[in-house]
Amino acid sequence: TMTTYSNTIARMLAFLIHSCSSPMSSFIVPLYPRTEELLKELSDVAAEREPPMLLIHDTIWSLLALPSEAFKENELMCPFT
């Protein structure tokens with residue numbers, strides 16, 4: 001359902017925001033620089049009552065459209081599996 005998908009995306013974004021702000025040395029999440037910028041921006045507005053939907057959309061789209069070189073080199077690093 002849409003609610004389930006929304007919750008899954010929200011958890012994934014929260015994980016990626018946390019990973020950018022407090023990276024774990026044993027679990028590297030390679031992201032394209034633009035994706036990191038969008039996650040930081042999303043983190044900055046996350047406390048707002050209604051974060052801008054366009055920013056959420058742009059962040060998700062960047063995850064899909066802009067894989068980092070490290071991601072492309074290692075098929076086991078897919079954040080969606």
Name each donor-acceptor pair under 3.5 Å that joins a side chain in residues 62-72 to protein atoms two or more places apart or in another chain, with its distance.
| from | atom 1 | to | atom 2 | distance (Å) |
| --- | --- | --- | --- | --- |
| Ser62 | OG | Thr35 | OG1 | 3.1 |
| Ser62 | OG | Thr59 | O | 2.8 |
| Ser68 | OG | Pro30 | O | 3.3 |
| Ser68 | OG | Phe71 | N | 3.2 |
| Glu69 | OE2 | Lys72 | NZ | 3.0 |

Worksheet item: What residues, two or more places apart in sequence or in another chain, satisfy salt bridge (charged side-chain N to carboxylate O under 4.0 Å, His left out) together with Glu37?
Response: Arg34

Practice prompt. Check the pair Leu13 / Ile60 against side-chain contact (heavy atoms from CB on, under 4.5 Å), numbers first and verdict last.
Written response: CA-CA 8 Å; Leu13 290 174; Ile60 293 168; 4.3 Å; yes

Worksheet item: Which residues, ordered by chain and number, are linked to Leu54 in its hydrophobic cluster, where ILVMFWY side chains connect at heavy-atom gaps below 4.5 Å, directly or through other members?
Response: none

Discussion item. Are Tyr32 and Leu39 connected into the same hydrophobic cluster when the rule is that any two of I, L, V, M, F, W, Y join if their side-chain heavy atoms are below 4.5 Å apart?
Written reply: no

Counting only pairs under 3.5 Å, give me each side-chain donor-acceptor contact of residues 1-11, with atom names and distances, residues two or more places apart or in other chains.
| from | atom 1 | to | atom 2 | distance (Å) |
| --- | --- | --- | --- | --- |
| Thr1 | OG1 | Thr4 | N | 3.4 |
| Thr1 | OG1 | Thr4 | OG1 | 3.1 |
| Ser6 | OG | Met2 | O | 2.9 |
| Asn7 | ND2 | Thr3 | O | 3.3 |
| Thr8 | OG1 | Thr4 | O | 2.9 |

Exercise answer: donor-acceptor pairs, residues 16-28 side-chain atoms, under 3.5 Å, sequence neighbours excluded:
| from | atom 1 | to | atom 2 | distance (Å) |
| --- | --- | --- | --- | --- |
| Ser21 | OG | Ile17 | O | 3.3 |
| Ser21 | OG | His18 | O | 3.2 |

